[in-house]
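As structure tokens, the structure follows; a few thoughts come after it.
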Amino acid sequence: MKLAAPTKSLLHLPTRPKSGIIDGVKYFSGELDDPTLPPPLPTSSAVPEIVSLLKTTDHNDWISNSELVEFLNAPPSPTSLLKLTRQLGSTEKALEFFEFFKTHSSSLSSSPSSLSFTFQAILEQAMREDKSDVPSKLFQLFSFAKDGKIPLSINAATLLIRCFGRAKMLEESISVYNELDSNSRNTNVVNLLLDCLFRGGNSDYGFKVLDEMLKRDSGFPPNDSTVDIVLSAMWKRNWVGRRMSLEEISGLLVRFFEHGVFLDDVWNTKLIAKFCRSGKCDKAWDLLHDMMRLGGQVEASSFNALLSGLGRERDFQKMNLLMNEMKEKEIKPDVVTFGILINHLCKSYKIDEALQVFEKMGGSECDGILVKPDLVLYNTLIDGLCKVGKQEEGFKLMEKMRLESGYEPNTVTYNCLIDGFCRAGEIERSYELFDQMKKDGVVPNVITLNTLLDGMCKHGRVSTAMGLLAEMQEKGLKGNSITYTILITSFCSVNNIDRAMSLFNEMSENRCSPDAKVYYSLILGLCQARRMDDALCVASKAKEAGFGLDIICYNALIGGLCRKNKIDEAHKTLKDMEEAGIKPDRHTYNTLISYFSEKGQFETAHRVLKRMIDDGYLPNVVTYGALIHAYCLAGNLDEAMKIFQNMSSATNVPLNTVIYNILIDTLCKSDKVEDAISLLGDMKDKGVRPNTTTYNALFKGLQERNWVEKAFEIMDQMTENTCNPDYITMEVLTQWLSDIGETEKLRSFVEGYEVSTSTA
DNA sequence: CCGACTGCTA
């Protein structure tokens, strides 16, 4: 059965470019798949004559024409009537014929669809004719049919719904659907209605219709197009149009699955990725497994989406489980699967395992799976090597890639290697790579720039970095907020606050608005430089820009204010922080304890300590260190020792070098060198390594006592421990030992030091 | 729509 030629092009209005069911060439191009149509019959040879007769004579004369009367008595099939009416050339003529036929034909009862089909031809004609206002014309005809109780053919209904849907006449579309005899409703027409409703924004009604469709005994069960319509609508609206939770979406999809309708791999992957990115990997897991349980076909990409989600959550156990499941279900991993696996091995510093997997996948033994590594996979490995300090191996891998696989390195490849050499302090090498990439026509991006800038700044070449930035900006490569964070942090660290501040101001001029981390880095830098007024000022700017400060910023501010003795402002900031809903953490408490105890306000310090414990933070080594340090400063060595004893006996807090150093220093200064030496022994027992500061304190104490024998003993111990003396050590020992004529011992000590540095 | 590269954790 062939469709009248112009229909298709007229149905396809140019104003709606996106294809879907409404515009649908795919589903509604004709009556090809309409089950209600009778099979084609041989066209009566009389039909062309009838058509020309109808066209050339006035409709008032029809009833007196013998040929037409004969035609009425033995009308052709509904299909032939449809064709005949289509050929009448105008809606008016078609309507006249319709009236004529309806009034005079004797055989209507035996073929009720004759009228429906004839009416369908009228609608088709009307669409062709009246281009200015098709929807309202069709609406008139629809009302006419409704009033005349003419049942709609499925194609007439389709045509009307599509036309009304395009014109956003949703009520009318629904009304057509309701007019349609429930037995003749089919999946296609319901899909069309759903598409109209979702596109038109009446998703409430859409979901109602969908609910009917998804019922177990639905006469018009969903098909692949239904899934597409529903998901497209929901995806575009970003799920919020209906405020659907992921659980509701899953529930809906499972109902599709129960009809044997599954998601294709693209949708499945999109949805799983979406679920994972909303922090609902468990829901993604369920979706994937529901689909498989109910018989859906799943491919590697869906698994990949879930694997990468689990990877982001660091749920390695589930990742392993899922990989095993892939194996069991014989779903072949693709190059992306291997990419995810290798990346996670690299990020867990298991570079050797990553290389093993890489070797295996190219070989033939790996469970018969052969996957050719691609550029991304090579880049993953190159980065992995660079991140563990094997940048030379990374470089070699790039060359191997070129030779063996024929891939040319891209921007990412170069970025990884440049970062690797920067981390190793080989800035020159990085710069060579940078030149090389430009020579090879590989375009550097902002990451290349940032990587180089960070490398330069971290190795004391801030002005070179600034030069590079200017150069790249001239070439049209703009920095982003990361660029500025790198430079601001760097300038702050060398105490060049003015440059840091002017960079910050320059940002907005370059149409690059600062993000939270830019603010944070500047606030931290200013706190470090003790510029608390500026720090507070930037902090309030950050808040104005909508970036709430994080706990790290607040702690830096509170700590900085305490150091500057601005306890009122520190208190204000603390209050501000709690109002912002950020609870003090261990670091906040330690800062305050340290402040109060150093001011000798031990009672307050202990009150804060109590609150810290009540808040669920056990005091740590920093807490005890602050108290011990303060008691030592206040000359209350007994109390300091008491805390120290309590620490080792009653808590699980491991002692560290700092704690010992405080006590040893104080003991030495209080003429209790024996006790200090006994603590040094204690350190050895507890496995705490003494450092240069420890030894310096002891040497000073021993010098006061002129206890030379002990000093020699400790000097040997220091050499044994490969602990390097610093200028203080040398100052103390040089003066003391030359005064007493022990230069020989001094020389051998220095030699031992030289040996120890060269072997280290 | 799934896998690679830049800030920092006081």
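Chain identifiers are assigned alphabetically (A, B, ...) following the order of the sequence lines, protein sequences preceding nucleic acid strands; residue numbering begins at 1 within each chain.
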Are any side-chain N or O atoms of A:Glu248 and backbone N or O atoms of A:Ser245, one a donor and one an acceptor, separated by less than 3.5 Å? yes
Would you mind reading off the distance between A:Asp334 atom CG and B:dC1 atom P, rounded to a whole angstrom? 17 Å
Which part of the nucleic acid, if any, lies within reach of [X] when heavy atoms closer than 4.0 Å are counted: base, sugar-phosphate only, or nothing?
| X | result |
| --- | --- |
| A:Leu377 | base |
| A:Asp374 | base |
| A:Ile482 | base |
| A:Thr451 | sugar-phosphate |
| A:Arg586 | nothing |
| A:Ala273 | sugar-phosphate |
| A:Asp264 | nothing |
| A:Thr411 | nothing |
| A:Thr380 | sugar-phosphate |

It should be established whether [X] places a side-chain nitrogen or oxygen under 4.0 Å from OP1 or OP2 of nucleotide [N].
| X | N | answer |
| --- | --- | --- |
| A:Lys517 | B:dT9 | no |
| A:Asn379 | B:dC5 | no |
| A:Thr337 | B:dG3 | no |

Closest to the [X] side chain: [options]?
| X | options | answer |
| --- | --- | --- |
| A:Asp419 | B:dT6, B:dA10, B:dA4 | B:dT6 |
| A:Val335 | B:dG3, B:dT6, B:dC5 | B:dG3 |
| A:Asp383 | B:dG3, B:dC5, B:dG7 | B:dC5 |
| A:Ser301 | B:dC8, B:dT6, B:dC2 | B:dC2 |
| A:Val376 | B:dC8, B:dG3, B:dC5 | B:dG3 |
| A:Ser308 | B:dC1, B:dT6, B:dG3 | B:dG3 |
| A:Val336 | B:dC1, B:dG3, B:dC8 | B:dG3 |
| A:Ile552 | B:dC2, B:dG3, B:dT9 | B:dT9 |
| A:Lys347 | B:dT6, B:dG3, B:dC5 | B:dC5 |

Considering only NZ, NE, NH1 and NH2 on the basic side and carboxylate oxygens on the acidic side, decide whether [X] and [Y] come within less than 4.0 Å.
| X | Y | answer |
| --- | --- | --- |
| A:Glu578 | A:Lys583 | no |
| A:Lys458 | A:Asp454 | yes |
| A:Lys387 | A:Asp419 | yes |
| A:Asp286 | A:Lys280 | no |

When you measure from every atom of DNA chain B, which of residues 461-479 of chain A have a heavy atom less than 4.0 Å away? none
base_contact_polar ([N] base, [X] side chain, donor-acceptor, <3.5 Å):
| X | N | answer |
| --- | --- | --- |
| A:Asp515 | B:dG7 | yes |
| A:Asn410 | B:dA4 | yes |
| A:Asn555 | B:dA10 | yes |

Which side-chain N or O atoms in residues 470-479 of chain A pair as donor and acceptor under 3.5 Å with protein atoms at least two apart or in another chain?
none

Hey, is NE2 on A:His289 packed in by over 12 heavy atoms from elsewhere, all under 6.0 Å? yes
Tabulate below the donor-acceptor pairs under 3.5 Å that side-chain atoms of residues 306-318 of chain A make, not counting sequence neighbours, or state none.
unit_1: A:Ser308; atom_1: OG; unit_2: A:Ala305; atom_2: O; d: 3.2
unit_1: A:Asp315; atom_1: OD1; unit_2: A:Lys318; atom_2: N; d: 3.2

